[in-house]
Every structure is written in C-alpha cells, then in structure tokens.
Participant: 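Sending over a structure as structure tokens; questions will come in a sec.
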Number of protein chains: 2
Amino acid sequence: MENKTYHHGDLRNELIEVGAKLLIEQGLEVFSLRKVAKEIGVSHAAPYRHFKDKEDLIVEISNKGIEEFYNALAKPFYEYKNQPKLQLIELGKAYIKFAIDNPYLMKILFFSDLKKKIDISKISDINDDSYSLLVDSVKNCIASGETTVKDVQALSLLTWSFVHGLSALMMEEVINIGEISDEVIDKMVKLSTLGYFKS
Amino acid sequence: MENKTYHHGDLRNELIEVGAKLLIEQGLEVFSLRKVAKEIGVSHAAPYRHFKDKEDLIVEISNKGIEEFYNALAKPFYEYKNQPKLQLIELGKAYIKFAIDNPYLMKILFFSDLKKKIDISKISDINDDSYSLLVDSVKNCIASGETTVKDVQALSLLTWSFVHGLSALMMEEVINIGEISDEVIDKMVKLSTLGYFKS
DNA sequence: ACCTGAACACCGTTCAAGT
DNA sequence: ACCTGAACACCGTTCAAGT
C-alpha cells in the first residue's frame with residue numbers, strides 16, 4: 001500500500017520468510033505463490049525471478065524446517081548423552097512434541113506428495129543427521145547392555161515408526177489432541193521401549 | 001439410490017466410480033472435478049447436481065475406501081480368531097500391506113487436511129469398526145495371559161502407532177519400499193509385539 | 001538486473017437457460 | 001428433473017516490455 005518502491009536484493013529472503021509464515025500457519029493446501037507476492041506487495045510474477053516454481057520455494061522453506069526439527073532433537077540428545085535409556089525416551093518425546101507444535105510443517109516434511117519431487121540430495125544431509133541421532137542413541141542403549149534386542153537397524157526403525165505413527169495419529173486428530181497430555185506422551189514413549197529393556 | 005436415465009443413466013455413481021479411479025491412481029493433489037466430468041463426457045457443472053462440492057465427492061469415495069480397509073483387516077481377524085498373538089501380528093501385517101498397495105487411498109483416509117472437514121459421523125461407524133478389531137485382538141491377547149502389559153488402551157494405541165508409522169515411512173519413501181519385503185514386514189511386526197509377550 | 005502487466009491454461013463454484 | 005454454457009474469482013506459469 002505505502003510501498004511502491006522498487007524492491008531490491010532482499011525479495012528472495014522475504015519470499016522465504018513470508019512464505020514460511022503462510023505455509024506454517026495455513027497449510028500446504030491453501031498456499032499460493034500469488035498470495036505470498038501480494039502480502040509482500042510485489043507482482044505475482046516477481047517470485048519467478050528467484051525461484052524456478054512454487055515447489056522450489058517450498059523446498060527452500062522445508063530446508064529451514066528440517067533444521068528446526070534437527071535442533072529440537074539435538075537438544076535432548078546432548079542433554080541426556082550419558083543416560084542412554086533416558087536419552088532415547090526424551091528423543092521420542094521431543095519428536096512427538098515437535099509434531100504437535102508444528103503440524104503443518106511436519107506434514108510438508110513427511111506427509112506431502114511434494115517430497116518426492118524435492119531434490120533429496122539437498123536435504124538428505126540434515127535429514128540423515130536427524131536419523132543418526134536416533135541410531136546413535138539406540139547404539140548407546142545396546143552398547144550399555146540395557147536392551148534385550150541387539151539389532152540396531154531394527155530397533156531404530158521400530159522406535160522411529162512408533163513416534164512417527166503416534167505423531168501422525170495425533171496430528172490427524174484421529175486421537176483427540178486434547179487428551180494427549182505430557183504425561184500420556186511420557187507414558188506411551190516409555191511403554192514403547194519397555195519391552196526391549198531389562199528392568 | 002434410484003436413478004432415472006436421462007443422459008448417462010447413472011451420473012452420480014459414475015462420478016464416484018471414475019472419481020475413485022482418478023483419485024486412487026493419481027492422488028489428491030492433482031484430482032479435479034473438471035477432469036472427472038470430462039472423462040465421463042459431461043459438462044463441468046454437472047457434478048454439482050449430485051454433490052455439494054468437490055469434497056463431498058471425495059467423502060463418498062473415502063467411504064468406499066474405508067470399507068475396503070475394514071475388509072482387509074477383517075480377513076486375518078477372523079482367520080486367526082483362535083490364536084490371539086498370531087491374530088494381532090497378522091492384523092498389523094495386513095494394515096501395512098494395505099497401505100503399501102493403496103498409498104493414495106491411505107493418504108486420503110489418514111494423511112490429508114480434508115479429513116477435518118469430512119463429516120466424521122458418516123464414517124465413524126466403520127472407522128470405529130476397524131479400530132475395534134485391533135482392540136478386540138489386544139483384549140484377546142491380554143485375556144489369554146500372553147502379555148506382560150495389561151493396559152488395553154495403551155497397548156492398542158502402541159500397536160496402532162507402530163504400524164501406522166511404519167506404513168507412513170514406507171509410503172513417503174523415507175524408507176525404500178524396494179527393501180521392504182514380506183519378510184521384513186513380518187520381522188518388524190513381530191518385533192513390535194515381542195517385548196510385551198511372554199516367550 | 002529486477003520487476004510489471006498482459007496473457008494463457010487450468011481450477012471450483014454459481015446460475016440463468018435449455019432439454 | 002437433469003444438464004449446459006457463460007461467468008466469476010482464483011490459481012501457476014510465461015514473456016515481452018518497462019525501470
């Protein structure tokens with residue numbers, strides 16, 4: 001409105017920032033490039049100077065989201081470094097809490113068809129990093145002799161599937177989020193590992 | 001639903017049938033009412049005689065999908081009625097296999113934002129039925145004294161989360177489906193219950 | 001070099017009008 | 001009663017033209 005100025009230089013970053021806001025607040029289904037351009041006060045064709053297409057912008061936004069996700073997992077990972085079992089449990093809780101707090105972001109990262117078209121090489125590093133936190137934690141548990149199962153890969157996938165599935169069920173409101181207190185999450189995550197740990 | 005033949009005889013059902021085909025083959029993201037109409041050879045406004053809007057058609061298609069899903073679970077449920085532990089394992093395997101075989105349908109049922117707008121009351125009966133198969137199976141396991149955990153709800157949610165999460169990871173190709181043989185599925189599902197069963 | 005405006009091909013949805 | 005065609009408001013994307 002007041003802004004009829006020539007936008008220099010920073011449009012690319014502003015597209016990412018405003019785009020992320022809209023995407024995370026409103027979800028993928030109603031996300032449009034034209035809305036982002038309008039919100040910034042630029043013509044609807046302007047984004048094409050900086051991004052090949054709509055998906056290219058979404059990939060860029062996703063990259064930032066993956067970093068946030070990694071950070072959310074890294075915190076408990078380092079905090080409970082010396083208590084393998086607790087570390088694995090806290091990792092699971094952090095995963096689920098991140099999903100609850102960032103449902104639209106989580107959907108873009110894990111539940112959208114877009115992902116197939118995303119250039120995996122771009123995001124695989126940090127993605128692998130997130131996964132490696134889990135694998136490391138499982139290794140620690142096995143190494144410290146706390147588990148009954150010794151298969152790192154199988155136990156990692158098992159844990160991942162569980163937190164991923166519980167996150168999905170909660171996000172989709174198949175399970176009423178209102179009922180999902182911190183205590184319930186704590187209980188479920190502990191129960192999910194219980195079978196494989198010596199008591 | 002009785003139908004007078006004017007143009008095609010039964011446009012309503014043809015919309016559901018052709019719509020389901022397109023939806024399940026190509027996915028939600030590229031699904032359009034206009035394409036369905038064109039494929040049938042009817043004007044793009046014609047569907048609005050039979051459905052309030054696009055989502056209304058999708059809900060109808062979803063209902064059919066939920067029935068198929070229920071049937072896929074009911075088969076092992078009744079087949080292994082007298083072997084509680086095996087019943088639960090086969091139920092999990094059937095869940096995962098259905099997801100792999102019907103990824104787009106599964107996404108519509110469980111992973112789309114649409115679901116929130118879907119009139120849950122319409123689908124909750126059969127949905128509850130599917131869930132009750134799982135709960136029944138867990139109850140059987142507990143009743144026959146095979147498990148170390150006695151909390152029906154917690155154990156049901158645990159099992160559901162695991163198969164749901166593994167399905168999601170496979171569908172999203174976070175895990176390479178090529179590597180997911182029947183043996184791997186069998187192994188994972190068994191491992192997921194192993195901790196809670198006396199050996 | 002960066003941005004605009006018109007243009008094109010697609011959408012969902014509504015509605016007066018045709019059969 | 002069922003369907004059509006025009007119309008409207010939105011999309012993504014391209015491109016010649018403006019600054």
Side-chain angles (χ1 to χ4, degrees), chain A residues 1-20 22-23 25-62 104 108 112-119, chain B residues 1-20 22-23 25-62 104 108 112-119:
Chain A
M1 321 192 172
E2 22 41 281
N3 186 5
K4 54 178 187 199
T5 63
Y6 202 72
H7 248 110
H8 357 3
D10 217 24
L11 181 55
R12 195 191 139 88
N13 282 328
E14 201 166 355
L15 285 165
I16 295 173
E17 205 167 315
V18 173
L22 291 179
L23 199 48
E25 278 174 7
Q26 305 177 4
L28 226 198
E29 330 244 306
V30 296
F31 180 75
S32 94
L33 267 190
R34 285 171 104 116
K35 272 191 214 157
V36 179
K38 196 171 189 181
E39 173 112 357
I40 293 174
V42 95
S43 88
H44 61 256
Y48 288 86
R49 260 339 89 186
H50 300 94
F51 297 96
K52 192 177 121 281
D53 55 21
K54 186 183 171 183
E55 232 173 61
D56 205 32
L57 210 206
I58 295 174
V59 169
E60 213 55 42
I61 294 169
S62 296
Y104 285 130
I108 294 157
S112 79
D113 281 338
L114 268 140
K115 253 199 54 258
K116 283 174 199 161
K117 300 180 207 155
I118 288 181
D119 179 9
Chain B
M1 263 152 245
E2 74 294 344
N3 19 73
K4 310 290 159 58
T5 111
Y6 181 69
H7 188 268
H8 243 136
D10 194 1
L11 183 52
R12 194 191 138 88
N13 282 326
E14 200 165 357
L15 285 165
I16 295 173
E17 206 167 314
V18 174
L22 292 178
L23 200 48
E25 278 175 7
Q26 306 178 3
L28 227 197
E29 331 245 307
V30 297
F31 180 75
S32 93
L33 267 189
R34 284 171 103 116
K35 272 191 214 157
V36 179
K38 197 170 188 180
E39 173 111 357
I40 294 174
V42 96
S43 88
H44 61 256
Y48 288 87
R49 251 352 79 186
H50 303 277
F51 297 96
K52 194 177 120 280
D53 54 22
K54 186 183 173 184
E55 233 174 59
D56 206 31
L57 209 207
I58 296 173
V59 169
E60 214 54 42
I61 294 169
S62 296
Y104 286 131
I108 294 155
S112 79
D113 281 339
L114 269 141
K115 254 199 53 259
K116 283 175 199 164
K117 300 181 206 154
I118 289 180
D119 179 9

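Below, read A as the first sequence line, B as the second, and so on, with proteins coming before strands; counting in each chain starts at 1.
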Participant: How close do A/Ile16 and A/Phe51 get, heavy atom to heavy atom, and via which atoms?
Facilitator: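 Heavy atoms of A/Ile16 and A/Phe51 come nearest at CG1-CZ, 3.7 Å.
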
Participant: Stepwise, does the side chain to side chain contact (heavy atoms under 4.5 Å, CB included) test hold for B/Leu57 with B/Phe31?
Facilitator: CA-CA 11 Å; B/Leu57 209 207; B/Phe31 180 75; 4.1 Å; yes

Participant: If you compare all heavy atoms of B/Ala37 against all heavy atoms of B/His44, which two are closest, and at what distance to 0.1 Å?
Facilitator: CB-CA, 3.9 Å

Participant: Side-chain contact test, heavy atoms from C-beta onward, threshold under 4.5 Å: evaluate it for B/Arg49 versus B/Leu11 and give yes or no.
Facilitator: no

Participant: Which atoms form the tightest heavy-atom contact between B/Leu33 and B/Pro47, and what is the distance?
Facilitator: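 Minimum heavy-atom contact is CD2-CB, 4.3 Å.
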
Participant: Grab the two heavy atoms, one from B/Ile61 and one from B/Ala20, that are nearest each other, plus how far apart they are.
Facilitator: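 Heavy atoms only, the tightest pair is CD1-N, 3.5 Å.
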
Participant: Indicate yes or no: at least one non-hydrogen side-chain atom of B/Leu23 is less than 4.5 angstrom from one of B/Val36.
Facilitator: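 Heavy-atom side-chain distance check fails, nothing below 4.5 Å.
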
Participant: Between atom CG of A/Leu22 and atom OH of A/Tyr104, what is the distance when rounded to the nearest 0.5 Å?
Facilitator: 12.5 Å

Participant: List DNA chain D stems (3 or more consecutive Watson-Crick/G-U pairs, under 3.5 Å)?
Facilitator: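 Stems for DNA chain D, defined as runs of 3 or more consecutive pairs: C:4-8 with D:12-16, C:12-16 with D:4-8.
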
Participant: Calculate the interatomic distance between B/Phe51 atom CZ and D/dC3 atom P; express it in whole Å.
Facilitator: 12 Å

Participant: Please give, in whole Å, the distance from C/dA1 P to A/His50 NE2?
Facilitator: 13 Å

Participant: Produce a footprint string for nucleotides 9-17 of chain D: one letter per nucleotide, 5' end first; B if the base is under 4.0 Å from any protein heavy atom, S if only the sugar-phosphate is, - if neither.
Facilitator: --BBBBB--

Participant: In whole Å, I'd like the distance from the CZ atom of A/Arg12 to the P atom of C/dC3.
Facilitator: 13 Å

